Amino acid sequence: MDLSELYREVILDHYKSPRNFGVLTPANAAADGHNPLCGDRLHLTLQLADDRVQDLQFDGKGCAISTASASMMTEAVKGKTRADIATLFNDVHHLLTEREFVPSQDLGKLAALGGVREFPARVKCASLCWHTLNAALAQHDQSSADASAVPSISTE
Ligand code: ZN
């Protein structure tokens with residue numbers, strides 16, 4: 001299966017039936033993401049323990065790519081440590097932008113996101129969820145200061 005075929009199949013699958021869709025309760029980290037170029041909006045809720053993302057969910061309204069990317073991200077990072085997530089984010093970021101990039105690990109279904117390279121305007125749709133995840137992790141670090149403040153990020 002070539003990349004464009006894989007891309008269409010995986011994106012469509014996750015867009016039609018997003019995994020981990022909803023609002024997680026209880027959650028001890030959250031963030032909102034907005035991609036003004038496309039209009040994608042994302043709300044992410046996480047439960048962190050021992051530096052590990054135990055569980056997470058997302059909801060919101062976005063295009064097929066932002067929704068599918070968020071769905072795949074939730075599957076990929078669930079149960080992972082923050083260090084593993086940082087490495088994965090780095091791989092995904094390069095995958096979205098560099099044609100010759102060789103990931104440091106087997107990216108599984110996330111490899112399909114490489115198809116986004118053919119549509120540069122869509123890179124921000126695909127990366128929105130990852131930036132939102134980073135914002136939620138940062139919020140968790142500061143949550144003792146104000147647990148009710150949910151950070152909001154914009155890709156612009
Ligand atoms: Zn979009």
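Just so you know, these numbers come straight off a predicted model, no measurement behind them. Residue numbers start at 1 and run along the sequence shown.
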Task: Polar side-chain atom of His94 near backbone of Pro103 as donor-acceptor pair, under 3.5 Å - done: no
- [ ] For the residue pair Ser104 and Asp91, confirm or rule out a side-chain donor-acceptor distance under 3.5 Å.
- [x] yes
Task: Smallest separation among heavy atoms of Pro120 and Arg117, with atom names - done: CD-O, 3.9 Å
- [ ] List in chain and number order the residues that pass salt bridge (Lys or Arg N to Asp or Glu O under 4.0 Å) with Glu98, two or more places apart in sequence or in another chain; answer none if no residue qualifies.
- [x] none
Task: Residue pair Ala31 / Val150: nearest heavy atoms and the distance that separates them - done: CA-CG1, 3.6 Å
Task: Which atom of Trp130 lies closest to which atom of Ile85, heavy atoms considered - done: CZ3-O, 4.4 Å
- [ ] Examine distances only and state if a side-chain atom of Asp51 and a backbone atom of Thr81 form a donor-acceptor pair shorter than 3.5 Å.
- [x] no
Open item on the list: Please report the interatomic distance CG(Leu42) to CG(Asn35), rounded to the nearest 0.5 Å.
Closed with: 10.5 Å
- [ ] For residues Asp40 and Lys124, determine if any side-chain heavy atom of one lies less than 4.5 Å from a side-chain heavy atom of the other.
- [x] no
- [ ] For the pair Phe21 and Phe58, name the ring-plane relationship: parallel under 30°, tilted 30 to 60°, perpendicular over 60°.
- [x] perpendicular
Open item on the list: Measuring only between side-chain heavy atoms, which start at C-beta, is Ser71 closer than 4.5 Å to Asn20?
Closed with: no
- [ ] Show your reasoning for whether side-chain contact (heavy atoms from CB on, under 4.5 Å) applies to Leu46 and His140.
- [x] CA-CA 9 Å; Leu46 280 74; His140 177 75; over 6 Å; no
Task: same_hphob_cluster(Leu6, Leu110) at 4.5 Å side-chain heavy-atom cutoff - done: yes
Open item on the list: Within this structure, what is the CG-CD1 distance for the pair Leu128 and Ile65, rounded to the nearest 0.5 Å?
Closed with: 12.5 Å
TODO: Could you tell me whether a side-chain N or O of Thr67 sits under 3.5 Å from a main-chain N or O of Ala64, the two making a donor and an acceptor?
DONE: no
Task: Heavy-atom donor-acceptor pair, Arg19 side chain to Ser17 backbone, under 3.5 Å - done: yes
- [ ] Could you check if a side-chain atom of Thr45 sits within less than 4.5 angstrom of a side-chain atom of Thr25, using non-hydrogen atoms only?
- [x] no
Open item on the list: Could you see if Tyr15 belongs to whatever hydrophobic cluster contains Val116? Use Ile, Leu, Val, Met, Phe, Trp, Tyr and a side-chain cutoff under 4.5 Å.
Closed with: no
- [ ] Working to the nearest 0.5 Å, report the span between CD of Gln47 and CZ of Arg52.
- [x] 14.5 Å
Open item on the list: Taking ring pair (Phe, Tyr, Trp, His ring centres under 6.0 Å) as the definition, give me every residue that meets it alongside His93, ordered by chain and number, with sequence neighbours left out.
Closed with: none
Task: From OG (Ser152) to CZ (Arg41), nearest 0.5 Å - done: 7.5 Å
Task: Smallest separation among heavy atoms of Leu96 and Ala126, with atom names - done: CD2-CB, 3.7 Å
Open item on the list: Just so I know, are the side chains of Leu88 and Met73 near enough to count as touching, which here means a heavy-atom distance under 4.5 Å?
Closed with: no
Open item on the list: Using modelled atom types and a 3.5 Å cut-off, is there a donor and acceptor pairing between side-chain atoms of Asp59 and backbone atoms of Val23?
Closed with: no
TODO: Would you give the length of the straight line joining atom CG of Leu107 to atom CG of Leu95, rounded to the nearest 0.5 angstrom?
DONE: 6.0 Å
Task: Heavy-atom donor-acceptor pair, Gln139 side chain to Ala30 backbone, under 3.5 Å - done: yes
Task: Same cluster (ILVMFWY, side-chain, under 4.5 Å), Val123 and Phe101 - done: yes
Task: Heavy-atom side-chain contact between Leu113 and Ser69 under 4.5 Å - done: yes
Open item on the list: Over 60° means perpendicular and under 30° means parallel, so tell me whether Phe89 and His131 are parallel, tilted or perpendicular.
Closed with: perpendicular
TODO: To the nearest 0.5 Å, tell me how far Thr155 OG1 sits from His34 NE2.
DONE: 7.5 Å
TODO: Would you kindly confirm whether Met72 and Leu12 end up in one hydrophobic cluster when ILVMFWY residues are joined by side chain heavy atoms under 4.5 Å apart?
DONE: no
Task: Nearest heavy atoms of Ala68 and Ile11, plus distance in Å - done: CB-O, 3.5 Å
- [ ] Give the C-alpha distance, both sets of side-chain angles, the deciding distance and a yes or no for side-chain contact (heavy atoms from CB on, under 4.5 Å) between Asp84 and Gln105.
- [x] CA-CA 11 Å; Asp84 288 343; Gln105 58 195 306; over 6 Å; no
Open item on the list: Could you check whether any side-chain heavy atom of Val53 comes within less than 4.5 Å of a side-chain heavy atom of Lys78, counting everything from C-beta outward?
Closed with: no
TODO: Report yes if the side chains of His43 and Lys61 come closer than 4.5 Å at any heavy-atom pair, otherwise no.
DONE: no
Task: Atom of Leu24, atom of Ala27 and distance for their closest heavy-atom approach - done: O-CB, 3.5 Å
Task: Residue pair Arg122 / Cys38, side-chain heavy-atom distance below 4.5 Å - done: yes
